[in-house]
Amino acid sequence: MRYGLIIACFTFSLLLVPLLFASEFPRRSYAVDDRIRQLRGDGHVVVREDFLSFELRNKERAHEKILQASTVFDAQGRDEGEFSVHYSSMRKVKNIHGAIFDATGAKVKELDADDMRDLPVSSEYSLFTDDRVKSGELYYDKYPYTVEFSYEVEWYGLLSWPSWFFQLHGDPVENSFFEIVLPSSEALRYWTNADSVRPAESQNGDTHSYLWEAHGLPKLTEDQKDEDIVHRTAIILTAPSQFKLDDYEGKMTNWESFGKWIAGLYQDRIALPPEAVRDVHALTDTITSERGRIAALYRYMQGRVHYVLVSLGIGGWQPFDATYVHTHGYGDCKALSNYMTALLKEAGITSYPVVVNSGAKDPLYRPDFVRNEFNHVIACVPMQKDTMWLECTSQSYPPGHLSDETQDRFALMITPDGGVVVNTPTAHSSDNQQQRTSNATLSYTGDADVTISTRVTGNQQDYVRYFFTEGSKEDQDKYIHHCLRVPTADIHSSSVEGLTSQSPEITLAMQVILPRYGSVSGSRLFFQPNMMEQRTFIPRDNPKRKSPWTFSYPYLDSDSLVFHLPSDYTVEALPPDVSIDASFGSYRSSTKVAGDGTLVYTRRLEIRETEIPAAQFQEYRKFSADIVKADRAQVALIKKTP
Amino acid sequence: MTRRIRAILGSMLVLWFAHPSTFCQNKSADAPNMTWGEVSPSDLDMKVYPLDTSAAAVVLFDQGITSVNDELGLTFMRHVRIKIFSKAGYDHATQVIDVYTKDHTEKLRDLEGITYNRAADGSVQQTELKGDAVFEEEINNNWTRYKFTFPALQPGCIVDFKYVVMYKEIYTMPDWDFQTSIPVAWSDYKVVYPVTFAYATVAQGYFPFDVSEWSQAERSFSGETASYLNQREVKCNIAHWVLRNAPAVREEPYMTTTSDYIQTITIQLAEYASPYGGVKKLIKSWDKFVEDYLKAKQFGDAISDSKAIRRATDSLYQATATPEERMKAIYDFLRSTIVWNEHAGKFVSQDVEDVLESRKGNCADITILMVSMLRHAGIDAVPVLLSTRKNGKIQEGFPIESQFNYTLACATIGGKHYFLDATDRFRPCGVLPASVLNVRGILIKTGSPEWVTLTAGAAYDQGFTVTATLAADGGIDGAVEVADTGYAAITHRKSFRDGKETERMKGLLDADRASLAVDSVTTLNIDSVGIPLTLRAHISSASYAQAAGNLLYVNPVVVDRLYENPLKMPKREFPVDMMYNEHETRTFVLTIPEGYAVKELPVEKSTHIGHDAEYRYAATVDGRKIAVKTSLAFNNSIFMPNTYNRLKEFFDQMVSYESAQIVLERHDTTKGTK
């Protein structure tokens with residue numbers, strides 16, 4: 001009963017007379033009565049209606065009705081009056097209405113459609129897309145009032161069907177309705193985290209309706225809001241079995257068939273111009289190892305083209321062809337991956353595009369439910385020993401390196417025969433290391449003159465590599481300052497090694513002056529021997545936490561720092577040595593006098609797992625708190641008495 | 001504490017009224033040869049820009065020419081050449097041209113682009129920008145954006161583009177920015193127009209032009225222009241500005257927006273000789289300027305005394321209320337009920353009655369409504385026109401309308417001016433937004449023009465009181481109370497209501513840096529604008545102080561400690577502008593563990609900069625209680641460059657004072673934890 005708490009709040013209308021007819025907007029009074037005031041609790045807003053009805057016409061057309069109404073109790077809920085809706089050539093929006101109702105439920109004003117703004121959706125990463133957004137707002141000054149927005153969407157081309165989150169933001173909900181209406185011939189495919197919540201089904205002529213409802217959901221507590229999405233609210237995901245987008249028809253009944261549809265979009269788009277063909281052979285014909293040829297072509301791709309997003313209609317899913325990418329010199333993730341496979345093919349190497357959900361791991365991105373939740377494309381070369389993965393949007397990764405955004409997850413390899421579910425590589429803490437050594441001379445005023453050498457590998461080197469190949473000089477200096485935590489650090493020299501090496505490994509060396517690294521206080525001089533790796537974060541306490549605690553990747557940090565003390569001071573107190581072991585990781589730190597006027601500080605932190613189960617959350621909190629304490633411990637020096 | 005300090009550079013404006021005699025400087029500069037379709041080998045093989053070796057790209061050449069054309073409009077031609085050194089410079093190969101396309105006011109023509117690379121065989125390889133790579137995006141009904149990325153980018157390449165924009169009208173010439181986020185080796189702007197037109201020019205920036213010259217020449221016209229001027233061979237004025245080797249405008253700490261610092265020229269038609277005789281003046285005297293604003297349909301004329309205004313106003317106060325009470329009642333009504341749509345704007349967008357109805361509007365809507373209501377309440381009230389800090393300083397010698405972008409109200413009671421801006425529901429009567437502080441504005445009223453300076457009306461005032469108990473193992477547990485008035489209260493009334501109060505409090509106390517846990521955050525009087533805002537929280541840490549044997553080291557500045565100097569640059573050319581004065585007092589009362597006594601206490605310290613800034617730190621012991629009091633006052637908000645070093649030293653002293661630690665020693669080993 002993982003969802004017991006949420007489900008207890010649902011009242012199902014299965015046995016009741018349905019409150020609404022299929023596909024009709026709910027029309028209920030927005031009067032604010034005692035029941036609503038009670039539901040409000042200590043919040044500022046009650047969601048009165050959250051309604052979505054999706055009616056499938058055929059494989060590529062659907063009609064969607066959306067209505068959202070919220071009662072605003074005070075000025076802090078005023079943002080509920082802000083409305084925006086995205087549209088594009090495939091998603092046309094019509095009949096936008098907005099209105100405000102007073103506490104008795106009487107309509108007092110309406111949204112003037114002419115007042116709405118209509119703007120392109122642009123980001124710093126996109127050169128051009130056809131997405132636009134309409135937005136407007138409604139306010140009133142006599143609380144409580146209810147603001148209602150509704151609109152309809154006509155879909156032209158369908159790859160995704162709607163999802164439903166009964167309580168996304170945590171405000172109390174009076175009524176939540178989610179309806180899917182399909183032709184009777186069509187069966188519904190859906191996934192839910194609340195298995196006991198079944199839709200009410202009804203037949204109406206030649207259509208069949210599936211309706212989920214929930215009523216009277218109280219405001220989520222802070223602890224509940226801390227959970228990941230699947231532990232916070234009931235969710236319904238739906239997806240088509242058959243679909244059509246532009247001229248491309250497909251089936252989503254399994255990963256193989258969905259992959260086959262994607263393969264169709266990539267078909268016949270790998271022809272290269274003669275110049276590129278010449279380049280491929282000139283580069284690879286003399287290289288005997290397959291890995292060597294892949295590496296050479298990957299570097300060629302990085303030098304020749306770069307990432308630019310242009311996305312129009314089907315172009316959101318279909319890549320520019322390889323010739324376009326070669327001649328224009330740019331493309332998005334799918335166009336660059338397709339170009340890479342074209343280069344490899346010319347060199348006689350078989351490779352495939354792989355679609356993946358990039359970013360922080362999303363619990364709704366699931367191999368057990370086939371739907372389009374992919375947002376990125378990489379390339380892979382299946383090989384005898386181990387597959388080689390290529391991130392084609394990077395201008396600087398070594399061949400075969402993936403970031404934590406695409407590592408350690410399922411993905412769909414697109415072969416001409418269909419999709420093949422694959423797992424991207426999983427890293428171990430030893431792959432993602434940071435090894436630092438330093439030598440610092442402290443002056444009697446507390447200033448430190450320091451040489452530092454830091455070797456980073458695997459995922460820990462991604463940022464450094466990015467800043468030192470694609471970043472400006474300012475970005476690089478900012479990164480160094482960020483590492484040093486001391487913004488006034490005076491960087492005398494810095495150098496970086498390994499930017500062009502074939503393995504994900506970089507060494508950053510620098511010499512810096514840290515003014516006032518130690519602080520003089522009366523007869524003492526204090527300083528923290530842990531110069532660059534102080535943790536300050538302890539997760540918020542949540543004794544009933546249900547979600548696991550997650551990390552982007554496992555890692556191992558080790559520091560060995562030498563301090564030469566000013567001659568007129570002697571050690572009064574050293575931090576205690578600390579040693580902590582847990583199933584998910586370990587920590588060691590120690591500060592020792594090493595000979596005359598010298599201290600050696602060592603620290604080692606290893607996180608072995610990327611996911612700590614909820615049952616171990618308290619242990620992890622304690623682990624964090626102990627590290628925070630140990631990391632900020634200071635050395636106390638006292639003036640020698642003559 | 002002083003992390004809130006925002007310093008902006010005062011922007012210096014150089015002004016010319018277009019008259020030949022004022023232009024006569026030419027530091028002689030030979031224009032580089034930048035023929036379309038040819039690049040010099042030295043540019044193509046340049047590895048690094050010698051004047052700024054960290055630059056990822058440099059604008060080698062940026063040339064614009066605006067001239068009056070045959071259709072009595074303007075033709076603007078531009079040619080830009082950019083050298084890209086590394087991948088970090090690829091962003092500059094994506095270019096955007098925004099064109100005001102409403103009613104075909106402007107039209108983009110003849111856009112061409114070429115990427116030049118050094119091919120492997122040493123030859124120069126040209127790759128043209130293709131038409132299908134230029135994307136046209138409708139930003140809104142008025143503006144169209146053309147966007148493109150050059151093909152065939154390689155580190156070391158040169159991208160070159162040119163285009164023409166046709167303007168239907170001659171009133172405003174395109175602005176010219178001589179600087180951008182990368183260095184500009186050569187920036188060149190020329191304007192050509194018949195002598196019967198006079199254009200006014202405003203230049204902003206910090207560098208002397210390398211060329212700033214004025215000449216006259218005959219030009220041939222046909223079409224509408226020729227018939228308008230009634231001649232074909234027309235004597236024209238030619239103004240020409242060149243700035244060489246302009247540095248990149250980079251984001252630095254304490255800058256408002258980079259656009260404040262860029263060298264720019266703005267040009268607007270001032271007057272022209274009418275073919276029907278006489279001179280028509282478009283730029284007028286301040287008298288005429290104010291008079292026009294008084295009469296403007298969307299400004300002075302929009303001030304209303306309708307029934308709706310009268311009804312809305314009368315309900316806000318008793319007939320016996322004093323003028324001050326009436327003013328405050330009207331201000332509070334507008335502040336709390338009308339939502340500002342975040343748009344500046346010096347013209348109303350709707351009737352004031354509609355503002356009352358829709359409960360939202362731009363700053364002119366709110367101001368004109370306020371003036372209407374104040375007048376109905378019998379208070380002398382007028383709008384003030386001004387330019388926000390971000391928009392740049394007003395040239396008071398130069399009545400150009402485009403200098404202004406904002407308006408607020410001025411009420412005069414008993415000879416005293418009250419400045420009122422009701423765009424923020426958390427701002428008390430008489431306190432102005434930071435965006436208009438210390439700027440000058442002009443009153444829009446009958447009679448001779450009157451300029452006023454807008455001052456803060458409040459300071460940033462904070463008081464911290466921390467009462468905490470130390471444990472022998474270094475733990476701490478206590479309560480913190482923050483009392484805010486003035487700008488501190490305005491800021492926190494807004495931020496401490498977004499459901500993230502604990503995070504906000506952590507930030508305010510800088511809790512993470514001291515490894516303090518913060519919980520039980522409560523706010524008092526958050527909606528009671530006008531009385532101090534109180535924030536309370538519980539703080540704790542298992543490891544705040546450090547225990548070592550019989551000793552315990554503790555920094556008594558538990559929260560909001562100044563760890564680093566906010567001023568980092570070794571010197572400063574422009575004033576440090578904190579916008580408003582600041583006062584902060586902190587009291588820390590720490591109860592030390594039983595069995596411990598103070599071994600070393602920080603000595604009392606203080607520093608000051610005349611009367612402008614003062615800081616004090618003092619610690620006292622009373623039994624098991626240690627009290628540390630600090631006070632900081634900035635009684636001035638603008639520090640000129642000649643006091644910069646002293647101000648920087650002042651912060652250094654604060655950092656040093658606040659790093660002091662108390663040493664406690666256990667004298668009774670039978671008590672306390674081991």
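First the proteins, then the strands, lettered A, B, ... as listed; each starts at 1.
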Point to revise | Side chain, backbone, both or neither of A:Y324 within contact of chain B (heavy atoms, under 4.5 Å) | key: side chain
Review point. Of the backbone (N, CA, C, O) and the side chain (C-beta and beyond), which part of B:V655 lies under 4.5 Å from a heavy atom of chain A, both, or neither?
Key: side chain
Practice item. Answer yes or no on whether A:K134 is positioned over the face of A:Y87, meaning its NZ or CZ is under 6.0 Å from the six-membered ring centre and within 45° of the axis. Key: yes
Review point. Using 4.0 Å as the upper bound for N to carboxylate O, is an ion pair formed by A:R132 and A:D118?
Key: yes
Practice item. Against chain A, work out which of B:D91, B:N555, B:D132, B:N341 has the most heavy-atom pairs shorter than 4.5 Å and name it. Key: B:D132
**Study point:** Part of B:T53 lying under 4.5 Å from any heavy atom of chain A
**Key:** neither
Check your understanding: Between B:Y617 and B:Y657, does a ring pair (Phe, Tyr, Trp, His ring centres under 6.0 Å) hold up when you go through it step by step?
Key -> CA-CA 7 Å; B:Y617 179 106; B:Y657 298 169; 7.1 Å; no
**Study point:** Short N-O contact, A:K629 and A:D626, less than 4.0 angstrom
**Key:** no
Practice item. Go through B:V663, B:I662, B:L129 and name the one with the most non-hydrogen pairs under 4.5 angstrom from chain A. Key: B:V663
Review point. If you measure from the Lys or Arg side-chain nitrogens to the Asp or Glu carboxylate oxygens, is any gap between B:K605 and B:E658 under 4.0 Å?
Key: no
Exercise for review: With a 4.5 angstrom heavy-atom cut-off, could you sort out which part of B:L551 is near chain A: side chain, backbone, both or neither?
Suggested key: side chain
Practice item. Would you mind telling me which of B:E357, B:K130, B:Q154 has the largest number of heavy-atom pairs within less than 4.5 Å of chain A? Key: B:Q154
Review point. So what's closer than 4.5 Å to chain A heavy atoms on B:A542: side chain, backbone, both or neither?
Key: backbone
Practice item. First locate atom CG of B:D98, then atom CD of B:E137, and finally report the distance between them rounded to the nearest 0.5 Å. Key: 9.0 Å
Point to revise | Which of B:S336, B:A120, B:A514, B:G549 touches chain A most, by non-hydrogen pairs under 4.5 Å | key: B:A514
Exercise for review: Below 4.5 Å from any heavy atom of chain A, which atoms of B:E136 appear? Answer side chain, backbone, both or neither.
Suggested key: backbone
